[in-house]
Amino acid sequence: MSSISKPNRLKARLPRGLADRGAAELAATREMLETIRRVYELYGFEPVETPAIEYTDALGKFLPDQDRPNEGVFSFQDDDGQWLSLRYDLTAPLARYVAENFDTLPKPYRSYRVGYVFRNEKPGPGRFRQFMQFDADTVGSASPAADAEMCMMAADALEALGIPRGDYVIKVNNRKVLDGVMESIGLGGEANAGRRLTVLRAIDKLDRLGIEGVRALLGEGRKDESGDFTKGAHLAEGQIARVLTYVDFQIPASEETGADNRTVIEALRKAFGDSALARSGADELEALVDLAEAAGYDADRILVAPSVVRGLEYYTGPVFEAELTFEIKDEKGRPVRFGSVGGGGRYDGLVGRFRPEPVPATGFSIGVSRLQAALQALGKLGAAAERGPVVVTVFDRERIADYQRMVQALRAAGIRAELYLGNPRNFGNQLKYADKRNSPCVVIQGADEKARGEVQIKDLIEGAKAAAAIASNQEWRGTRPAQFAVPEDRLVEAVREVLARHAQG
RNA sequence: GCAGCUGUAGCUCAGUUGGUUAGAGCGCCUGACUGUGGAUCAGGAGGUCGGUGGUUCGAGUCCACCCAGCUGUACCA
């Protein structure tokens with residue numbers, strides 16, 4: 001292959017919107033998943049796994065009036081011509097699974113699952129085309145207790161991950177309330193579906209754009225700082241006023257202590273009670289809040305937030321959004337908000353697409369990747385690199401079998417250990433390697449030690465500390481900091497002592 | 001998708017009104033030190049200047065298009 005000239009060489013490159021993940025990040029993810037899993041198990045949920053690929057029609061993602069999948073999903077055609085897609089969330093595949101195994105599953109069916117999902121969208125900071133979600137769902141229960149439980153479990157999971165109460169909030173709203181408000185400003189019915197969407201999207205932007213931004217989007221439209229113009233909903237003044245009244249019920253998350261969810265629900269009833277839909281939504285909200293509060297989850301954890309709009313396509317009742325409320329400055333000193341790290345709601349229509357009978361369902365999804373970035377910033381994840389293996393160095397290449405035996409002795413004692421497999425010619429490189437691997441210590445046995453029946457154990461962590469005080473190379477080499485000899489048969493014991501010394505430091 | 005900004009070594013960046021062989025710091029490799037990590041010193045490798053085309057005697061520099069990144073915005077199951 002030497003004939004391949006340089007300009008023709010394949011360039012190693014990662015596709016955009018995707019990320020490689022190293023040892024430290026994987027360890028942090030594993031720890032997070034285990035914590036979340038423990039909470040979900042505690043609530044009685046059981047694991048289930050479905051594949052990353054589904055028939056596109058099962059995901060419900062064909063473009064309207066075309067036999068081609070939506071561009072936001074990665075899709076390809078099977079050899080029989082059927083469209084397949086990578087899953088873009090874990091909810092639609094679960095609906096397919098439950099529908100397909102309906103007769104054998106216990107109902108209500110409580111399950112959780114974790115996995116990568118894929119979205120073919122423009123990536124951004126903290127926004128990838130492949131990312132991990134951790135879902136829990138209850139299928140087959142229409143009870144508000146199932147919804148309340150989702151919110152409580154989400155709150156428990158976030159706290160188990162080390163996010164203090166008050167630094168997050170589970171926001172709750174109800175699609176029926178939103179639809180009722182639309183109805184009461186004369187945007188009910190099929191004919192107004194388009195404008196309704198525009199208005200709901202405007203409401204959703206309260207957090208980001210503030211009340212004035214929402215007002216602009218409800219009216220003529222809004223110009224952003226790059227000069228780009230977003231068309232508005234062109235509502236009449238009276239309609240805008242009503243919508244803004246509604247949005248104003250939002251309690252700022254930072255002042256949540258003492259906020260009373262019931263006050264908000266009452267205000268909703270008073271302002272929009274003319275709509276039967278809004279009344280029914282308010283009742284559902286109240287039922288959820290009652291159950292949550294009875295279990296001790298007050299508005300500092302589960303908060304009624306009228307501006308929450310999500311999953312316009314399939315959520316039918318309660319909707320939830322887990323939001324981090326603390327702010328963090330980035331390296332340029334600008335505030336970074338992590339915002340939503342999870343969401344969910346009731347999707348009574350989703351399983352029913354596959355079944356003759358309606359099947360109620362509710363669920364919650366944690367965005368693991370984004371949450372991990374937030375926890376990193378919070379300092380809640382082990383920032384320290386993982387401790388590496390003990391490295392047994394190679395002094396005489398004829399004696400590799402001896403060194404390998406030492407490695408096996410360490411492994412047999414449950415100590416993570418490895419033989420140096422690189423070129424042993426330059427001994428310094430072996431130590432540099434061990435240093436890069438973050439090894440706690442190395443084992444050395446040259447001819448001198450062998451003759452005495454000893455091994456040298458070099459404590460790299462102590463040695464690094466000692467190095468700071470040493471200036472000259474002669475001294476550095478002469479003192480051999482943090483290195484000691486033990487009889488061969490005490491190898492395992494001595495290594496164990498070094499490990500123990502650093503375990504509690 | 002739309003708008004604005006930015007692409008020079010692995011990383012962070014210099015590079016004059018267009019002018020000869022494109023530089024620095026950090027990192028990497030080698031040596032001083034053939035039995036020891038760090039520091040220091042010396043040396044070395046590493047660039048189609050994001051890509052293609054154009055203007056010009058001459059382009060890293062100017063123009064067009066494309067690609068990628070950043071920011072905002074739209075969409076977001």
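Note that this is a predicted model, so its numbers are computed, not measured. Within every chain, numbering begins at 1; the chains are lettered A, B, ... in the order of the sequence lines, protein sequences first and strands thereafter.
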Options [options], nucleotide nearest the side-chain atoms of [X]:
X	options	answer
A/Thr230	B/G38, B/U73, B/A77	B/U73
A/Lys122	B/C75, B/G72, B/U36	B/G72
A/Ala447	B/G35, B/G31, B/A77	B/G35
A/Ala464	B/A77, B/G37, B/U36	B/G37
A/Lys432	B/G37, B/G31, B/A77	B/G37
A/Asp435	B/U36, B/C75, B/G37	B/G37
A/Arg127	B/G1, B/G37, B/C76	B/C76

With rounding to whole Å, what would you report as the distance between [N] and [M] at their [atom1] atoms?
N	M	atom1	result
B/C29	B/A3	C1'	46 Å
B/A24	B/A14	P	16 Å
B/G46	B/G4	P	41 Å
B/U40	B/C33	C1'	13 Å
B/U21	B/G37	C1'	39 Å
B/G35	B/U48	P	40 Å
B/A45	B/C70	C1'	32 Å

Can you measure [X] atom [atom1] to [N] atom [atom2] for me and round it to whole angstrom units?
X	N	atom1	atom2	result
A/Phe395	B/U34	CZ	P	11 Å
A/Tyr314	B/C76	OH	P	13 Å
A/Glu475	B/U40	CD	C1'	14 Å
A/Asp20	B/G10	CG	P	17 Å
A/Lys436	B/G38	NZ	C1'	14 Å

Counting distance alone, no hydrogens or angles: does the base of [N] have a donor or acceptor under 3.5 Å from a partner atom on the side chain of [X]?
X	N	value
A/Gln430	B/U36	no
A/Arg477	B/C33	yes
A/Glu449	B/G35	yes
A/Arg480	B/U36	yes
A/Glu121	B/A74	no
A/Asn473	B/G38	yes
A/Lys231	B/U73	no

May I ask you to verify if any side-chain N or O of [X] is less than 4.0 angstrom from the OP1 or OP2 atom of [N]?
X	N	value
A/Arg201	B/C76	yes
A/Asn426	B/U30	no
A/Trp476	B/G37	yes
A/Arg222	B/A3	no

* Name all pairs fulfilling the salt bridge (charged side-chain N to carboxylate O under 4.0 Å, His left out) condition that reach into residues 117-128 of chain A, sequence neighbours left out, sorted by first residue then second. => A/Glu121-A/Arg127
* Inter- and intrachain pairs under salt bridge (charged side-chain N to carboxylate O under 4.0 Å, His left out), touching residues 343-353 of chain A, at least two apart -> A/Asp147-A/Arg346, A/Arg346-A/Asp348
Any ion pair linking [Y] and [X] (charged N to carboxylate O, less than 4.0 Å)?
X	Y	value
A/Arg437	A/Glu418	yes
A/Lys465	A/Asp459	no
A/Arg405	A/Asp402	yes
A/Glu497	A/Arg490	yes

* Proximity to RNA chain B (any heavy atom under 4.0 Å), residues of residues 88-98 of chain A only -> A/Tyr88, A/Asp89
What is the base-pairing partner of [N], counting Watson-Crick and G-U wobble geometry with both distances under 3.5 Å?
N	value
B/A24	B/U12
B/U17	none
B/A3	B/U71

* Asked: Which residue, A/Gln456 or A/Arg425, contacts RNA chain B at a nucleotide closer to its 5' end, judged by nearest heavy atom?
  -> A/Arg425
* Structure fact -> Result for 5'-nearest mapping on RNA chain B, choosing between A/Tyr315 and A/Leu209, is A/Leu209
* To do: Just call it for A/Val73: base, sugar-phosphate, or nothing, with non-hydrogen atoms closer than 4.0 Å on any strand.
  => base
* Using a heavy-atom cut-off of under 4.0 Å over every strand shown, decide if A/Asp204 touches base, sugar-phosphate, or nothing. => nothing
* Is the cationic atom of A/Arg175 (NZ for Lys, CZ for Arg) positioned less than 6.0 Å from the six-membered ring centroid of A/Tyr315 and within 45 degrees of its normal? -> no
* Within-4.5 Å side-chain heavy-atom neighbours: A/Phe395 and A/Arg399 -> no
* Measure from the ring center of A/Phe131 to the ring center of A/Phe118 and say whether it is less than 6.0 Å. => no
* Asked: Does the ring-ring contact (aromatic ring centres under 6.0 Å, His included) test come out yes or no for A/Phe74 and A/Tyr88, once each step is laid out?
  -> CA-CA 8 Å; A/Phe74 291 99; A/Tyr88 53 83; over 10 Å; no
